[in-house]
K.L.:
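Below you'll find the structure I mean.
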Protein chains: 2
Amino acid sequence: MIDNNNKSKISVMLVDDHPMVQGGLTACLAFYDDIEIVGATDDGAEALSKAKELKPDVIIMDVSMPKMNGIDATEIISEQLPETRVLIFSMHDRPEFVRSAIDAGASGYVLKDTSSEEVYFAIKAVAKGNTHFSSSISKMLIENPMQADNERLTTREQVILSHVASGLSSKEVARKLDISFRTVDAHRRNIKTKLKVETLAELVRYAVNHGLIEKNK
Amino acid sequence: MIDNNNKSKISVMLVDDHPMVQGGLTACLAFYDDIEIVGATDDGAEALSKAKELKPDVIIMDVSMPKMNGIDATEIISEQLPETRVLIFSMHDRPEFVRSAIDAGASGYVLKDTSSEEVYFAIKAVAKGNTHFSSSISKMLIENPMQADNERLTTREQVILSHVASGLSSKEVARKLDISFRTVDAHRRNIKTKLKVETLAELVRYAVNHGLIEKNK
DNA sequence: TATTACCTACGTATTAATACCTAGTATAGA
DNA sequence: TCTATACTAGGTATTAATACGTAGGTAATA
């Protein structure tokens with residue numbers, strides 16, 4: 001960005017695959033004369049190239065998008081355009097989505113039921129280098145502290161869990177991974193200890209809710 | 001509605017709890033001079049009273065809303081305002097959402113990634129008394145025929161399944177429901193036969209995906 | 001009256017899961 | 001070099017799940 005060029009207005013790029021949401025954001029932000037919509041796209045991959053071209057102050061980014069999701073896009077933008085701030089604008093209020101976004105470098109996270117005014121204030125805050133989270137998001141982050149390192153599942157454990165949650169017995173998982181069924185059992189026990197659960201049903205629910213297994217499969 | 005009064009314009013009411021979606025719909029439909037937005041609300045319960053007052057030709061209805069969901073609202077509107085058409089406008093593309101909506105009396109179902117033009121055409125179609133479904137919705141309905149009566153779970157079976165899926169053993173479910181664990185086992189076997197699954201993991205996933213158990217619980 | 005479906009419950013036999021304990025190898029980090 | 005972690009794997013014992021078959025009582029429907 002050229003020094004002092006268009007400095008009084010915050011340039012904003014929209015990245016959302018729902019036409020009505022894009023339209024709604026455009027319409028609502030049009031009321032504020034210190035905000036300028038400089039571009040819009042409906043997928044994360046194109047967002048990257050457009051962001052490099054436009055160098056907006058703020059990007060409003062959805063999470064779920066067809067080609068590249070907003071979290072991955074955010075991570076790359078944070079690396080390649082450190083002066084551009086990303087404000088996540090999403091349906092998803094679960095801790096793992098929010099944490100992924102923060103880890104990827106997002107400066108804020110607001111839910112899609114947020115009022116126009118709050119979206120505007122959030123844009124202003126992140127443009128200044130601050131952060132902004134919906135109050136329910138902040139509350140939820142406080143109530144669900146980050147899992148300790150020793151409570152995270154290793155890669156192998158995730159693989160074991162996804163198979164078990166899909167319905168395979170320990171023997172079937174063992175055969176599939178070419179390991180002993182005792183090894184599978186040992187992993188299951190470790191996984192249960194880490195996740196503080198006791199039953200297979202709880203393991204399955206964790207896997208479904210954390211995207212370790214495809215829905216409707 | 002008074003005969004011939006304002007007949008050339010289709011009156012439309014918006015029911016969606018996302019301000020940007022409401023804003024986007026309003027903005028996009030403003031381009032069409034044969035459509036008039038006569039009201040908007042963000043919850044299904046208020047939608048009922050406003051609909052009786054305004055008697056719109058078409059209601060654009062979200063599904064997930066805080067106080068009353070769009071399906072329940074649709075059902076009541078279909079009964080009490082038979083000349084008002086409901087067009088569902090939703091994130092959810094799973095068969096059970098779509099079927100619930102149709103059963104409730106909705107005249108159409110479009111997904112939130114639908115273009116402005118298609119939303120406009122859908123409104124026109126349902127205002128005329130036709131139906132309109134996103135092409136992916138139509139395709140999915142064809143591929144997932146309604147379950148036969150003998151494949152639906154009875155009330156008791158759903159209760160058994162929700163307990164089992166929450167992690168209780170057959171003995172624990174038996175104790176909780178004051179029945180024999182043999183009875184629980186018999187139900188489990190019947191449920192598996194009906195759902196065409198073989199393992200507890202598959203039962204749990206069904207329960208999670210069909211809302212028989214709370215997410216993140 | 002006969003049939004069907006739902007809910008209930010039992011016995012027998014086999015397999016799977018689980019708990020507990022123990023332990024070797026490889027790799028990374030202090 | 002030592003320690004910790006991850007991944008691996010074994011034995012023993014107990015409990016749970018599962019399969020198969022059987023069957024009674026109640027209510028609804030033809």
Side-chain angles (χ1 to χ4, degrees), chain A residues 96 103 145-213, chain B residues 103 145-210 212-213:
Chain A
E96 56 270 16
D103 286 346
M146 182 82 74
Q147 281 178 315
D149 280 356
N150 66 344
E151 285 169 351
R152 282 196 209 123
L153 299 186
T154 65
T155 303
R156 195 57 158 172
E157 287 169 341
Q158 291 180 44
V159 168
I160 301 287
L161 177 55
S162 74
H163 285 310
V164 165
S166 74
L168 300 183
S169 68
S170 289
K171 275 190 173 170
E172 288 166 326
V173 178
R175 195 176 302 129
K176 199 179 191 82
L177 301 181
D178 197 27
I179 57 178
S180 166
F181 76 94
R182 302 288 201 180
T183 302
V184 178
D185 284 345
H187 280 305
R188 287 175 73 146
R189 198 182 328 147
N190 290 338
I191 293 167
K192 279 178 175 173
T193 299
K194 282 186 172 182
L195 302 184
K196 298 183 178 63
V197 304
E198 293 182 358
T199 66
L200 172 60
E202 288 167 309
L203 285 184
V204 176
R205 280 160 45 207
Y206 178 95
V208 171
N209 290 332
H210 287 79
L212 288 178
I213 198 158
Chain B
D103 287 347
M146 183 83 74
Q147 281 177 314
D149 280 356
N150 65 345
E151 285 168 350
R152 282 195 210 126
L153 299 186
T154 65
T155 303
R156 195 60 158 171
E157 286 168 341
Q158 291 181 43
V159 168
I160 300 287
L161 178 54
S162 73
H163 285 311
V164 165
S166 72
L168 301 181
S169 66
S170 289
K171 275 190 172 169
E172 289 166 326
V173 178
R175 195 175 303 125
K176 200 178 189 80
L177 301 180
D178 198 25
I179 56 179
S180 166
F181 76 94
R182 303 292 199 172
T183 303
V184 177
D185 283 346
H187 281 303
R188 288 173 76 143
R189 198 185 328 154
N190 290 340
I191 292 167
K192 280 178 177 173
T193 301
K194 282 185 172 181
L195 302 184
K196 298 184 176 65
V197 303
E198 292 181 0
T199 66
L200 173 59
E202 289 169 308
L203 285 182
V204 176
R205 280 161 43 208
Y206 178 94
V208 171
N209 291 332
H210 288 78
L212 288 179
I213 199 158

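In the text below, chain A, chain B and the rest are named by the order of the sequence lines, each starting its count at 1.
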K.L.:
Do L195(A) and L153(A) come within less than 4.5 Å of each other through their side chains, counting heavy atoms only?
P.N.:
yes
K.L.:
Atom CG of L177(A) to atom C1' of dC7(D): distance rounded to whole Å?
P.N.:
12 Å
K.L.:
Nearest whole angstrom, please: distance from the C1' of dA9(C) to the CD1 of I160(B).
P.N.:
13 Å
K.L.:
Begin from the C-alpha positions of S166(A) and E202(B) and carry the test side-chain contact (heavy atoms from CB on, under 4.5 Å) through to its verdict.
P.N.:
CA-CA 7 Å; S166(A) 74; E202(B) 289 169 308; over 6 Å; no
K.L.:
So do I213(B) and Y206(B) actually touch side chain to side chain, heavy atoms under 4.5 Å?
P.N.:
no
K.L.:
Hey, does L168(B) have a side-chain heavy atom less than 4.5 Å from the side chain of V164(B)?
P.N.:
no
K.L.:
Are any non-hydrogen side-chain atoms of H163(A) and V184(A) less than 4.5 angstrom apart?
P.N.:
no
K.L.:
Give a yes or no on whether the backbone of I179(A) and the side-chain of T183(A) come within a donor-acceptor separation of less than 3.5 Å.
P.N.:
no
K.L.:
Which angle, to the nearest 10 degrees, lies between the helix axes at the two ends of the helix from dT1(C)-dA30(D) to dA30(C)-dT1(D), each defined by five pairs?
P.N.:
40°
K.L.:
Can you tell me if T155(A) and Q158(A) form a side-chain donor-acceptor pair at under 3.5 Å?
P.N.:
no
K.L.:
Are any of S180(A)'s side-chain N or O atoms less than 4.0 Å away from OP1 or OP2 of dT8(D)?
P.N.:
no
K.L.:
If I take atom CD1 in residue I179(A) and atom C1' in nucleotide dG10(D), what distance separates them, rounded to the nearest angstrom?
P.N.:
14 Å
K.L.:
Could you list the protein-to-nucleotides 3-5 of chain C atom pairs, N/O on both sides, closer than 3.5 Å?
P.N.:
none

K.L.:
Which atom names give the shortest non-hydrogen contact between A201(A) and V204(B), and what distance separates them?
P.N.:
O-CG1, 3.6 Å
K.L.:
Do the non-hydrogen side-chain atoms of L161(A) and H187(A) ever get within less than 4.5 Å of each other?
P.N.:
no
K.L.:
Test side-chain contact (heavy atoms from CB on, under 4.5 Å) on L177(B) and I160(B); report intermediate values, then the result.
P.N.:
CA-CA 9 Å; L177(B) 301 180; I160(B) 300 287; 3.5 Å; yes
K.L.:
Does the protein touch nucleotides 11-30 of chain C at the base, only the backbone, or not at all? Give it as B, S and - per nucleotide, heavy atoms under 4.0 Å.
P.N.:
BB---SSB-BB---------
K.L.:
Could you go step by step and tell me if E157(A) and K194(A) meet the salt bridge (charged side-chain N to carboxylate O under 4.0 Å, His left out) rule?
P.N.:
CA-CA 10 Å; E157(A) 287 169 341; K194(A) 282 186 172 182; 2.9 Å; yes
K.L.:
Can you tell me the distance, in whole Å, between the CG atom of D178(A) and the P atom of dC7(D)?
P.N.:
16 Å
